[in-house]
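Below: one structure in structure tokens.
All heavy atoms count here, side chains included; hydrogens, waters and symmetry mates do not. Whatever order the structure lists ligands and atoms in, that order sets their numbers, starting from 1.
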Amino acid sequence: MPEVEEKSRFDGIELHALATALPTPFHAYSANAIRQRISGLQQALQGLDATICFAVKANSSLAILQLMAESGVGADIVSAGELNRSLRAGIPADRIVFSGVGKTEAEMAEALDAGVGRFNVESFDEFETLQRVANAHKVIARAAVRINPDVDARTHQKISTGKSDNKFGVSIDEARRWFSGSKAFPNVRLDGLHVHIGSQILDLEPFRQALARVARFWHELAEAGHEIASIDVGGGLGVVYRAGHDRAIDPVEYVRTIREALTGFEGRILLEPGRYLVAEAGLLLTRVIRTKRGESRNFLIVDAAMNDLMRPSLYDAWHDIQLIGATAAEGERPATTYDVVGPVCETGDTFAVGRELPECRAGDLLAIRCTGAYGASMSSTYNSRPLAAEVLVDEGRYSVIRRRQSFEEMIMGEQAATSWRNV
Ligand SMILES: *Cc1c(COP(=O)(O)O)cnc(C)c1O
């Protein structure tokens with residue numbers, strides 16, 4: 001019984017009460033859990049000249065970005081949309097770094113106008129384009145080269161980014177040529193190094209290898225007379241999706257790895273955690289629509305779907321799922337094995353296969369755990385399902401930070417083909 005109690009409380013609120021006040025499905029985030037992650041990492045970084053830049057793509061809700069801003073956290077962005085969200089949330093432009101392989105000229109111009117702190121440049125063409133755009137704007141862009149260290153992050157292949165066959169970054173050999181030829185780029189101050197090897201990393205070794213390669217390159221550049229003002233160590237810290245199975249990296253150990261690799265570095269260290277700051281602070285609340293006994297499987301059909309949480313469909317990701325609620329004393333319900341599925345017309349719309357849960361009935365409330373990162377930010381309206389609400393919970397209170405999309409909002413901008421033009 002106490003265990004059921006504990007599961008049902010979330011930052012001082014009873015989840016079943018919250019799900020009575022708001023229709024499911026919806027995402028809920030604990031403000032305290034996010035603040036704790038931030039302050040834990042900030043404490044580990046004490047004594048270093050370090051700035052945390054939250055990877056906005058992990059959770060781009062304005063209220064979450066405001067929480068980041070209040071804690072002095074900057075932003076790592078990958079689009080003009082994320083730039084504008086970060087600025088709107090009050091994150092100062094000089095604490096914003098702009099990553100991504102496909103920055104357009106228009107996005108570069110917008111970011112330069114806003115005064116973003118740094119561009120993480122991922123290809124020679126981008127380097128040349130940034131020079132041209134900065135010159136046209138009569139400004140000097142600060143830039144770091146994103147190094148592809150050719151390190152295996154030992155994570156899911158779709159979220160591994162630091163192997164030489166991934167689209168991200170450039171080799172150290174190429175980066176070396178950029179530095180020696182940087183006089184031809186007077187509007188780009190190339191004085192930073194950047195590395196990001198992948199996501200959901202649960203092992204320090206790949207970080208150690210990548211940082212060692214970056215550090216060696218920094219020493220080489222410094223000896224050649226190039227001033228390196230910042231080293232951006234990227235994100236990628238993993239979280240516990242499966243309690244009792246995954247083992248997360250201790251942030252103190254992670255920071256120690258950075259300290260050791262970058263001993264003697266006097267510039268600024270940037271960190272770009274996304275998932276680590278928000279994933280475990282979030283859950284997706286959903287109700288059972290019905291159960292269905294198939295020929296060989298038991299299906300639990302819930303009102304959340306792949307459009308609300310893509311990770312299981314996209315990466316075969318595991319999320320713990322718990323039955324919540326005052327009537328859900330687990331002892332009274334026999335354990336049953338279910339495939340937990342949503343209503344979307346795709347076999348991939350599956351949250352869990354062969355998962356053991358207490359026997360469920362229509363109307364039961366379930367929490368899909370650890371959905372604060374790459375949950376709502378990856379959602380869509382597939383099957384014309386409106387975007388789910390998002391709720392921030394803080395010490396027994398809650399605030400709706402995104403109301404559920406209405407049908408009219410969902411079709412906004414669509415129109416009948418009545419106005420035809422020639423090009
Ligand atoms: C996605 C991304 C991150 C954040 O990754 P997490 O695994 O969520 O920490 C950081 N930096 C860059 C460049 C990214 O693309």
(request) Decide if the gap between the ring center of F299 and the ring center of Y338 is smaller than 6.0 angstrom. (result) no
(request) Check whether any N or O atom of R146, backbone or side chain, sits under 3.5 Å from an N or O atom of ligand 1, and answer yes or no. (result) no
(message) Could you tell me if R311 sits above the aromatic ring of Y241, with its cationic atom closer than 6.0 Å to the ring centre and no more than 45 degrees from the axis?
(response) yes
(request) Distance to 0.1 Å, residue and atom name: give those for the protein heavy atom nearest to atom 1 (C) of ligand 1. (result) K57 NZ, 1.3 Å
(request) Around atom 11 (N) of ligand 1, find the nearest protein heavy atom and jot down its residue, atom name and distance. (result) E272 OE1, 2.6 Å
(request) Could you pull out, from A55, P273, A153, G236, the option with a heavy atom nearest to atom 4 (C) of ligand 1? (result) A55
(message) Classify the ring geometry of F185 against F127: parallel below 30°, tilted from 30° to 60°, perpendicular beyond 60°.
(response) parallel
(request) Report the residues that fulfil side chain to side chain donor-acceptor pair (under 3.5 Å) with S60, sequence neighbours left out, ordered by chain and then residue number. (result) none
(message) Tell me the protein heavy atom at minimum distance from atom 7 (O) of ligand 1, and give that distance in Å.
(response) S199 OG, 2.3 Å
(request) Heavy-atom contacts with R275 under 4.0 Å: which atoms of ligand 1 show up? List them by number with element. (result) 6 (P), 8 (O), 9 (O)
(request) Would you check the N or O atoms of G274, main chain and side chain alike, for any that come under 3.5 Å of an N or O of ligand 1? (result) yes
(request) Give the minimum heavy-atom separation between S8 and I324, together with the two atoms involved. (result) CB-CG2, 4.0 Å
(request) For S99, take its heavy atoms, then give the atoms of ligand 1 lying under 4.0 Å from any of them. (result) 13 (C)
(request) Report yes if some N/O of Y276 lies less than 3.5 Å from some N/O of ligand 1; otherwise report no. (result) no
(message) If I take atom OG from residue S30 and atom CZ from residue R37, how far apart are they, to the nearest 0.5 angstrom?
(response) 11.0 Å
(request) Can you sort out which atoms of ligand 1 are near G235, meaning under 4.0 Å from one of its heavy atoms? (result) 9 (O), 10 (C)
(request) Begin with the C-alpha distance, continue with both residues' side-chain angles, and end with the deciding distance and a verdict on side-chain contact (heavy atoms from CB on, under 4.5 Å) for R142 and D191. (result) CA-CA 7 Å; R142 297 200 73 160; D191 63 357; 2.4 Å; yes
(message) At under 4.0 Å between heavy atoms, is it the side chain or the backbone of V78 that contacts ligand 1, or both, or neither?
(response) neither
(message) My understanding is that we take every heavy atom of each candidate and find the minimum distance to atom 5 (O) of ligand 1. Doing that for E122, H196, Q200, H194, which one comes out nearest?
(response) H196
(request) Please state which part of Y374 comes within less than 4.0 Å of ligand 1, counting heavy atoms only: side chain, backbone, both or neither. (result) side chain
Taking distance alone, no hydrogens or angles, what donor-acceptor pairs closer than 3.5 Å link side-chain atoms of residues 132-139 to residues at least two apart or in another chain?
unit_1	atom_1	unit_2	atom_2	d
R132	NH2	E105	OE2	2.9
H137	ND1	D113	OD1	3.1

(message) Quick one: does any side-chain atom of R404 pair with a main-chain N or O of A388 as donor and acceptor, under 3.5 Å?
(response) no
